[in-house]
Structures are given as C-alpha cells and as structure tokens.
Amino acid sequence: MNIKSKRIMAAAFSLMLAIGNSTAAFAMEEEASELVSAVVETEENLVAADITETEQKLTAVTLNEVAHSIFYAPQYVAMELGYFEEEGIDLTVVTGFGADKTMTALISGEADIGFMGSESSIYTYSGGAADAPVNFAQLTQRAENFVVAREDTDDFEWSDLVGKDVLGGRAGGMPEMVFEYILKENGIDPSEVNINQSIDFGSTAAAFSGGQGDYTIEFEPSATALEQEGVGYVVESLGTASGYVPYTAYCAKESYLEEQPEVIQAFTNALQKGMDYVNSHTPEEIAAVIAPQFPENDEETIATIVKRYYEQDTWKEDLIFEEESFALLQDILESAGELKERVPYEKLVTIEFAEAAVQ
C-alpha cells in the first residue's frame, strides 16, 4: 500500500473515532465500508497507473536485420522471452533482405541499429562516411551456409568441386567470399570451379532442385528443405571449414553510440540473455521458443536446423567482438580483392557494452 492509500485509510479510521455514540454504530460501519472500498479502488487505479508508467518508459528502438534466419536464434529467443522489454526496450524489427539495404537504412536514420555482416561497416568506413557505423556486439562466429551435393557422401573433399558447376553467391558478399577463401585455403583457385553467381541467393535452392548445378551453397532452411525433398544432401559446412569468422554483428552510427549509450547497453544486455539461454538449453527447447518467428517451418524442422548450427559452435558465449576476429575478416576481404587498405580495429569496433553485459 502506497502513501496515498495509507492516507485514505487513515481518514477512514479518523472518521470512525469521531463517531462516538452507539446509536451511530451502523452509520459508522457503513461509512467505513465505503471508505475501505475507496482504498481498494484507489490502490487498483494506482497499480494500473504504475503499469502504464512502466510501459511509457520503454524506449523505442528500430533494428534492421539483414535476413530473418534461424541462424540468429539468440536474438529471437531474447524477443520471444521478453528480454528486450525487461531491459526497457520496445523493439521493432525490420528485415532488410540484404546488407546493402540494411546499411542504407542505418545510415539514413530509418534504423537505430543494423545487424549484418561486419564487412559492410568496413566498406562504409573506407568509403569516407563521416558518421561511420561501429560494431558493438558480435552474434555469430561461424559461416551459416553449407555445401549441398546431389549425392550423399561421407568423404567429401573440397577438391571434388574442381571443374564442377556450383551455385554460389553474390560477388563481394560474405557468403561468396568465405566460400572462395576456403577454396584457396585448400589449394584451389576459385577459377578452377564453375561458380554461378547469376542467381539470387533466395532462388538457388529452387534452381538446384530444378536441375541446375552439381553443387549449391545453401543457407538454412533451404539446405534442410533440399534434403527433405530428397534432391540434395548436406556434405560440408562452410562454418566449420572456414574457422571462427565474425559473420554477423550489430552496429550503430558513432553518433548514436555517443548519444544513447544506455540504450545500446540495454539492447546488448537483452542479447546476452538470449545468448545465455541458447548456450544452456537443448536445440529442441530453443526451437520451441523461437517457433513463432518461423511459422513456415514446423518445430521439428526448426530443431533440426538449430542442432546443425549448435553442433558447429555457431554462437559465442558472449558478444565481444575480438580483434583477432576482425583481423581474420579483413584477411578474407583482402583475399577476395575487396579491401584496398586495412581498417584499424578500434575505429569500427567497441567492446565496452558487450563486456558490461557479461559482468
């Protein structure tokens, strides 16, 4: 009971004391009953007001994500379990369908936070952006795609791709750069592989199912869908083959980080809670939580995909974007011929929010 309620109750008791003769007992009881009812009603109104006030304190934040994928399970766990609201954030998520579109939304101010491959922040900085995006939380540490073959095999070798038709990704995009980096690490020049980069990444699975290519590089859920159709088989993980790569991270413009540090910290705290959940629960439990985010997939399929990512150590235990990871990212960009000059780590990465989130 708060101060206002106590005052009303005190008034009720004062009135009771003021009525001193027995003939007024009934009136006293009736009056006291009305006042107690007023106390209860006032208390309920105050509670409702407190709830409204709490809702009003939520800070609106718009996040533009590069894609809507099970690969980003910790984020969706945080959304579904209310972790962002717990941290005082009213989160709106918009899917950009491409890093270029997500970065454009961030730079233009349509989004407060962008979620995409960190190579985009390097490109933007190298292009001379005055208010360059800074990465403050790394979510995934593995590539998210897989090699899908027409025949199932347990002894796939990267050399099997030499001379074969492979449905690949967009030139300069992280999936394609990681693929070509792996080829080079295995002594294969990408020119030795017939990589088809003319098909939109969202259409490669359909093209493969229709008979194009000997192999295709697929994201989930397309890789699992091809297996379920019986027209393709996952034979290798690019995430495992490439090693730990800072594949996707959250960034915000430098000015936003300076002006809204408490919002960025709250956002990072919520993500860390999602990361903690993913790292302490089974794929089946994770799938049950994030299933509402993916109504097009049944829960069993979601669990299969989560397990595949889980087993290749996709998600970090924390959100700290380490310098070694940033260096590897630039190695990949250089290998692909997409980076003319390396960018200082401290210019495009801050770890203060991620470090605070795990304390």
Side-chain angles (χ1 to χ4, degrees), residues 66-67 69-74 99 115-123 135 138-149 153-162 164 166-193 195-197 201 204 215-220 222-224 233-249 305-339 342-343 345 349:
V66 64
S69 170
I70 296 169
F71 189 52
Y72 312 136
F115 178 54
M116 69 202 97
S118 301
E119 74 280 0
S120 295
S121 63
I122 294 176
Y123 295 154
N135 299 284
Q138 179 189 334
L139 189 74
T140 57
Q141 61 181 4
R142 296 283 194 184
E144 68 175 303
N145 39 9
F146 302 87
V147 179
V148 178
T153 178
D154 293 327
D155 57 357
F156 171 82
E157 299 288 343
W158 288 100
S159 57
D160 294 343
L161 300 181
V162 174
K164 299 297 176 61
V166 179
L167 307 186
R170 174 179 60 84
M174 198 61 180
E176 179 63 23
M177 289 191 293
V178 170
F179 175 44
E180 294 185 12
Y181 177 80
I182 293 171
L183 291 176
K184 293 174 184 178
E185 288 294 295
N186 284 273
I188 303 168
D189 191 291
S191 64
E192 298 179 73
V193 181
I195 305 175
N196 186 341
Q197 297 179 280
F201 83 94
T204 53
Y215 296 86
T216 182
I217 308 301
E218 290 297 331
F219 296 90
E220 291 288 13
S222 297
T224 294
Y233 303 89
V234 173
V235 295
E236 181 61 275
S237 162
L238 274 72
T240 301
S242 64
Y244 292 116
V245 176
Y247 207 73
T248 45
I305 296 170
V306 170
K307 184 178 181 181
R308 183 166 280 162
Y309 285 135
Y310 199 92
E311 291 178 343
Q312 72 172 31
D313 196 24
T314 290
W315 301 295
K316 290 163 56 65
E317 292 185 359
D318 57 51
L319 299 158
I320 298 172
F321 196 148
E322 297 170 344
E323 188 168 1
E324 293 79 3
S325 296
F326 191 72
L328 175 57
L329 173 61
Q330 296 198 80
D331 289 344
I332 293 172
L333 296 181
E334 283 186 333
S335 176
E338 297 291 338
L339 185 64
R342 294 178 80 93
V343 175
Y345 168 75
V349 178

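Along the sequence shown, residues are numbered consecutively beginning with 1.
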Colleague: Could you tell me the separation between the CD1 atom of Ile188 and the OG atom of Ser159, rounded to the nearest 0.5 Å?
Modeller: 6.0 Å
Colleague: Kindly indicate, with the supporting measurements, whether the criterion side-chain contact (heavy atoms from CB on, under 4.5 Å) is fulfilled by Ile217 and Leu167.
Modeller: CA-CA 6 Å; Ile217 308 301; Leu167 307 186; over 6 Å; no
Colleague: For the atom pair OG1 (Thr240) and CD1 (Ile182), what is the distance rounded to the nearest 0.5 Å?
Modeller: 9.0 Å
Colleague: Just verifying a value: how many Å separate Leu339 CG and Leu329 CG, rounded to the nearest 0.5 Å?
Modeller: 8.5 Å
Colleague: Provide the closest heavy-atom pair for Asp331 versus Arg342 in the form atom of the first, atom of the second, distance.
Modeller: OD1-NH1, 3.1 Å
Colleague: Counting distance only, does the side-chain N/O of Lys164 pair as donor-acceptor with the main-chain N or O of Tyr215 below 3.5 Å?
Modeller: no
Colleague: Taking all non-hydrogen atoms of both residues, which atom of Val66 and which atom of Ala99 are closest, and how far apart?
Modeller: CG2-N, 3.3 Å
Colleague: Does the side-chain contact (heavy atoms from CB on, under 4.5 Å) test come out yes or no for Glu220 and Ile70, once each step is laid out?
Modeller: CA-CA 7 Å; Glu220 291 288 13; Ile70 296 169; 5.8 Å; no
Colleague: Would you check if the side chain of Gln197 reaches a backbone N or O of Gly169 as a donor-acceptor pair within less than 3.5 Å?
Modeller: yes
Colleague: How long is the straight-line distance from CD of Gln138 back to OG of Ser118, given to the nearest 0.5 Å?
Modeller: 7.0 Å
Colleague: What's the separation between atom OH in Tyr72 and atom CD in Glu144, rounded to the nearest 0.5 Å?
Modeller: 4.5 Å
Colleague: For Asn135 and Ala249, work out which heavy atoms get closest and say how close.
Modeller: OD1-CB, 3.9 Å
Colleague: Test side-chain contact (heavy atoms from CB on, under 4.5 Å) on Trp158 and Glu185; report intermediate values, then the result.
Modeller: CA-CA 10 Å; Trp158 288 100; Glu185 288 294 295; over 6 Å; no
Colleague: Shortest non-hydrogen contact from Gly168 to Ile195?
Modeller: CA-CG2, 4.0 Å
Colleague: Tell me the closest heavy-atom pair linking Pro190 and Leu183, and the distance in Å.
Modeller: CA-CD1, 4.1 Å
Colleague: Measure the shortest side-chain to side-chain distance between Glu119 and Ile332 over non-hydrogen atoms and say whether it is less than 4.5 angstrom.
Modeller: no
Colleague: As a test of understanding, state which of Glu180, Lys184, Met177, Gln330 forms a side chain to side chain contact (heavy atoms under 4.5 Å, CB included) with Ser335.
Modeller: Lys184
Colleague: If you look at every heavy atom in Thr216 and Glu218, which pair is closest and at what distance?
Modeller: OG1-OE2, 2.6 Å
Colleague: Test side-chain contact (heavy atoms from CB on, under 4.5 Å) on Val166 and Phe179 and set out the steps.
Modeller: CA-CA 11 Å; Val166 179; Phe179 175 44; 4.1 Å; yes
Colleague: May I ask you to test the Pro74-Leu139 pair for a side-chain heavy-atom distance under 4.5 Å?
Modeller: yes
Colleague: Does one side chain, of Asp313 or Tyr244, offer a donor that lies under 3.5 Å from an acceptor on the other?
Modeller: yes
Colleague: Between the side chains of Arg142 and Ser237, is a donor N or O closer than 3.5 angstrom to an acceptor N or O?
Modeller: no
Colleague: Could you give the distance from OG1 (Thr248) to CZ (Phe71), rounded to the nearest 0.5 Å?
Modeller: 5.0 Å
Colleague: Within a reach of under 6.0 Å around CD of Glu157, are more than 12 heavy atoms found that belong to other residues, nucleotides or ligands?
Modeller: no
Colleague: Taking side chain as C-beta onward, heavy atoms only, is Asn145 less than 4.5 Å from Tyr247?
Modeller: yes
Colleague: Are more than 12 heavy atoms, taken from residues, nucleotides or ligands other than Glu192, located less than 6.0 Å from that residue's CD atom?
Modeller: yes
Colleague: Just so I know, are the side chains of Tyr309 and Thr140 near enough to count as touching, which here means a heavy-atom distance under 4.5 Å?
Modeller: no
Colleague: Tell me whether Ser242 contacts the main-chain N or O of Leu238 through its side chain, where contact means a donor paired with an acceptor under 3.5 Å.
Modeller: yes
